[in-house]
Visitor: 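To start, I am sharing the structure in question, which I have written as structure tokens.
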Amino acid sequence: LRSGVSPQEVAEVLDVSASTLESHFSALRRVFNCRTTDRLRLALGDLISDEEMAAFHCWPTGTNASVGLAVLDTSLAERLRTCVSLEQALGALKDSLAPLGAIHIYYCFIPHSVQGVLRGDLIDTFLAPEEVEEAFHRSGGLIEQPIAQRLFDAPTDIPLVSLDLEGSQQHVKEFYDVCRKHDATHMMGLGFPSGPGFVGFALTLSLPTKNAVKKANDQGELIRKSALATHAALLTNGVLAAKYRLSVRERDVLSKIALGRRNAEVASELGVSERGLTKLLASARGKMNARTNTEAAVKAALVNALVFL
């Protein structure tokens with residue numbers, strides 16, 4: 001609302017009904033002592049300046065030092081501020097890196113621990129034609145790619161492999177073959193921690209054979225910072241949180257659990273029965289792929305899905 005989005009668009013972005021959104025607007029109007037939503041918008045403008053809004057909306061404090069804003073393409077930063085889906089954000093990143101030869105981009109986020117990938121506990125998207133994506137998953141995904149092993153062996157490096165099909169296992173060769181049909185010549189891997197979890201990127205590139213390694217090394221740090229900024233925007237803008245599709249009520253319940261409230265206290269504060277609370281928690285655990293309420297609350301926090309009121 002503060003950034004100028006209309007109430008109707010807010011409902012669409014948050015995937016809530018108009019009546020649910022109005023109940024939240026009503027609560028906010030009471031908090032800010034405003035009779036109308038237009039007055040609420042003005043009150044938010046007084047509370048948060050344009051400069052503060054721009055900084056908050058795209059660059060979390062925890063990543064400011066490591067992102068290195070001065071070296072980023074400013075158009076990428078502007079586009080990331082408005083992205084409300086993984087596909088939009090990866091599209092912005094791809095366009096930014098197109099002059100460096102980027103063709104396809106794969107992104108994955110394992111929120112809790114690297115071991116979570118064994119439980120299918122990850123968010124991932126591959127910005128690529130369907131045949132490339134299908135071949136990638138048939139090959140075993142990122143974990144089976146040669147760049148993955150190089151990345152784990154030397155996490156601070158930016159590994160680059162040629163898609164020349166030599167010395168690779170058959171299922172990886174088939175993936176490489178499909179990539180080459182789309183003019184890709186190399187694959188680059190990037191990875192960095194995010195709390196206790198892990199973020200991984202894989203890019204297919206079209207690079208001149210003779211100086212591919214030199215070009216990749218020259219631009220590697222810019223690519224890394226751009227990827228880090230993209231993940232920061234996904235986290236801050238609520239894109240990762242939206243993947244779990246928690247209802248507002250489920251999110252409120254997990255927020256209370258994260259604050260250390262007991263079930264009876266949570267039920268009382270939210271005005272629901274303990275039986276109703278049990279159902280909400282069971283639903284939230286299922287969506288978060290969590291075995292306990294604590295695990296669900298922790299994972300929700302790691303993807304920025306909690307709201308503390």
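In what follows, every heavy atom counts, from backbone to side chain, and hydrogens, waters and symmetry copies are set aside. In this text the structure is predicted, and so the values were computed from the model without any measurement.
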Visitor: Just by modelled atom types, is the Arg245 backbone N or O under 3.5 Å from a matching donor or acceptor in the Lys287 side chain?
Guide: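 Yes, because the side chain of Lys287 sits within donor-acceptor range (under 3.5 Å) of the backbone of Arg245.
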Visitor: Hey, are Thr294 and Thr292 close enough side-chain-wise for a donor-acceptor pair under 3.5 Å?
Guide: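 Absent: no donor and acceptor within the cut-off.
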Visitor: Nearest heavy-atom pair of Cys108 and Leu122: which atoms, and what distance?
Guide: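 That closest heavy-atom pairing would be CB-CD1, 4.1 Å.
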Visitor: Among all residues two or more places apart in sequence or in another chain, which pass the salt bridge (Lys or Arg N to Asp or Glu O under 4.0 Å) test with Arg291?
Guide: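 Once residues adjacent in sequence are excluded, the partners of Arg291 under the salt bridge (Lys or Arg N to Asp or Glu O under 4.0 Å) criterion are Glu295.
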Visitor: So, the side chain of Ser162 versus the backbone of His186: is there a donor-acceptor pair under 3.5 Å, distance only?
Guide: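 Checking the backbone N and O of His186 against the side chain of Ser162, no donor-acceptor pair under 3.5 Å is found.
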Visitor: How far apart are the closest heavy atoms of Val239 and Ser85, and which atoms are they?
Guide: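 So the two residues come closest at CG1-C, 3.7 Å.
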Visitor: What distance do Leu163 atom CG and His182 atom NE2 have between them, rounded to the nearest 0.5 Å?
Guide: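 With rounding to 0.5 Å, CG (Leu163) is 12.5 Å from NE2 (His182).
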Visitor: Linking directly or through intermediates, with side-chain heavy atoms under 4.5 Å: list the remaining ILVMFWY members grouped with Ile103, chain and number order.
Guide: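 Other cluster members: none.
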Visitor: List the steps, then state whether side chain to side chain donor-acceptor pair (under 3.5 Å) holds for Thr20 with Ser23.
Guide: CA-CA 5 Å; Thr20 297; Ser23 70; 5.4 Å; no
Visitor: Before you tell me yes or no, could you show the steps for Ser75 and Glu78 under side chain to side chain donor-acceptor pair (under 3.5 Å), namely the whole-Å CA-CA distance, both residues' side-chain angles and the distance that decides it to 0.1 Å?
Guide: CA-CA 5 Å; Ser75 64; Glu78 289 299 324; over 6 Å; no
Visitor: Look only at the side chain of Glu134 and the backbone of Glu131, and say whether a donor-acceptor pair between them is shorter than 3.5 Å.
Guide: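 Not at all, since once roles are kept as given, no pair shorter than 3.5 Å links the two residues.
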Visitor: Nearest 0.5 angstrom please: Ser226 OG to Leu203 CG, how far?
Guide: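 That separation rounds to 10.0 Å.
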Visitor: Restricting to side-chain contact (heavy atoms from CB on, under 4.5 Å), what partner residues turn up for Ala148, sequence neighbours left out?
Guide: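 Partners of Ala148 by the side-chain contact (heavy atoms from CB on, under 4.5 Å) criterion come out as none, since no residue qualifies.
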Visitor: For residues Tyr244 and Val298: do they belong to one hydrophobic cluster (side chain heavy atoms under 4.5 Å, members Ile, Leu, Val, Met, Phe, Trp, Tyr)?
Guide: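 Result: no, two separate clusters.
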Visitor: A side-chain contact here means heavy atoms from C-beta on lying under 4.5 Å apart; do Lys181 and Asp177 qualify?
Guide: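 Yes, side chains in contact.
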Visitor: List the steps and the verdict of side chain to side chain donor-acceptor pair (under 3.5 Å) for Ser247 and Arg251.
Guide: CA-CA 6 Å; Ser247 70; Arg251 193 171 59 182; over 6 Å; no
Visitor: Is the backbone of Leu235 close enough, under 3.5 Å, to the side chain of Asn304 for a donor and an acceptor to pair up by distance?
Guide: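 Checked: pair present.
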Visitor: Would you mind telling me which of Gln170, Gln145, His171 makes a side-chain hydrogen bond (donor to acceptor under 3.5 Å, both in side chains) with Ser139?
Guide: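 Only one of Gln170, Gln145, His171 forms a side-chain hydrogen bond (donor to acceptor under 3.5 Å, both in side chains) with Ser139, namely Gln145.
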Visitor: What distance do Asp95 atom CG and Leu76 atom CG have between them, rounded to the nearest 0.5 Å?
Guide: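 Separation between the atoms: 9.5 Å.
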Visitor: Is Glu265 salt-bridged to Lys256, cutoff N-O under 4.0 Å?
Guide: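 Result for this pair is no, no salt bridge flagged.
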Visitor: Can you find a heavy atom in the side chain of Thr185 that is under 4.5 Å from one in the side chain of Arg180?
Guide: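 The answer is no; the side chains never approach within 4.5 Å.
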Visitor: Do the side chain of Arg224 and the main chain of Leu190 share a donor and acceptor less than 3.5 angstrom apart?
Guide: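 Pair absent, no side-chain N/O of Arg224 close to backbone of Leu190.
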Visitor: Under 3.5 Å, which donor-acceptor pairs link side chains of residues 32-44 to any protein atom two or more places apart or in another chain?
Guide:
{"unit_1": "Thr36", "atom_1": "OG1", "unit_2": "Arg39", "atom_2": "N", "d": "3.1"}
{"unit_1": "Thr37", "atom_1": "OG1", "unit_2": "Arg29", "atom_2": "NH1", "d": "2.9"}
{"unit_1": "Arg41", "atom_1": "NH1", "unit_2": "Leu1", "atom_2": "O", "d": "3.3"}

Visitor: Output the distance between atom CG (Asn237) and atom CD (Gln88), rounded to the nearest 0.5 Å.
Guide: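 Rounded to the nearest 0.5 Å, the CG-CD separation comes out at 10.0 Å.
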Visitor: Verify, without hydrogens or angle tests, whether Thr236 (side chain) and Ala232 (backbone) share a donor-acceptor contact under 3.5 angstrom.
Guide: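 Between the backbone of Ala232 and the side chain of Thr236 there is a qualifying donor-acceptor contact (under 3.5 Å).
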Visitor: Answer yes or no: is there a side-chain heavy-atom contact under 4.5 Å between Phe198 and Pro193?
Guide: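 A side-chain contact is absent here, since even the closest heavy-atom pair is not under 4.5 Å.
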Visitor: Got a second to check how far Leu97's CG is from Ile105's CD1, nearest 0.5 Å?
Guide: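 These two atoms lie 5.5 Å from each other.
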Visitor: Going hydrophobic residue to hydrophobic residue with side-chain gaps under 4.5 angstrom, can you get from Phe192 over to Leu302?
Guide: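 No; tracing contacts between hydrophobic side chains, which count when under 4.5 Å, never links both residues.
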Visitor: If you look only at pairs with a residue in residues 100-111, which of them pass as a side-chain hydrogen bond (donor to acceptor under 3.5 Å, both in side chains), with sequence neighbours excluded?
Guide: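 Listed once each, the pairs are His104-Thr204, Tyr106-Asp124, Tyr107-His231.
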Visitor: Rounded at 0.5 Å granularity, tell me how far CG in Leu207 sits from CE in Met187.
Guide: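 The CE atom of Met187 is 12.5 Å from CG of Leu207, to the nearest 0.5 Å.
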Visitor: Side chains of Met188 and Ile223: closer than 4.5 Å at any heavy-atom pair?
Guide: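 Touching, per the 4.5 Å side-chain cut-off.
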Visitor: For residues 272-282, run the donor-acceptor check on the side chains, cut-off 3.5 Å, and write out each pair with its distance to 0.1 Å, sequence neighbours left out.
Guide:
{"unit_1": "Ser273", "atom_1": "OG", "unit_2": "Gly276", "atom_2": "N", "d": "2.9"}
{"unit_1": "Thr278", "atom_1": "OG1", "unit_2": "Glu274", "atom_2": "O", "d": "2.9"}

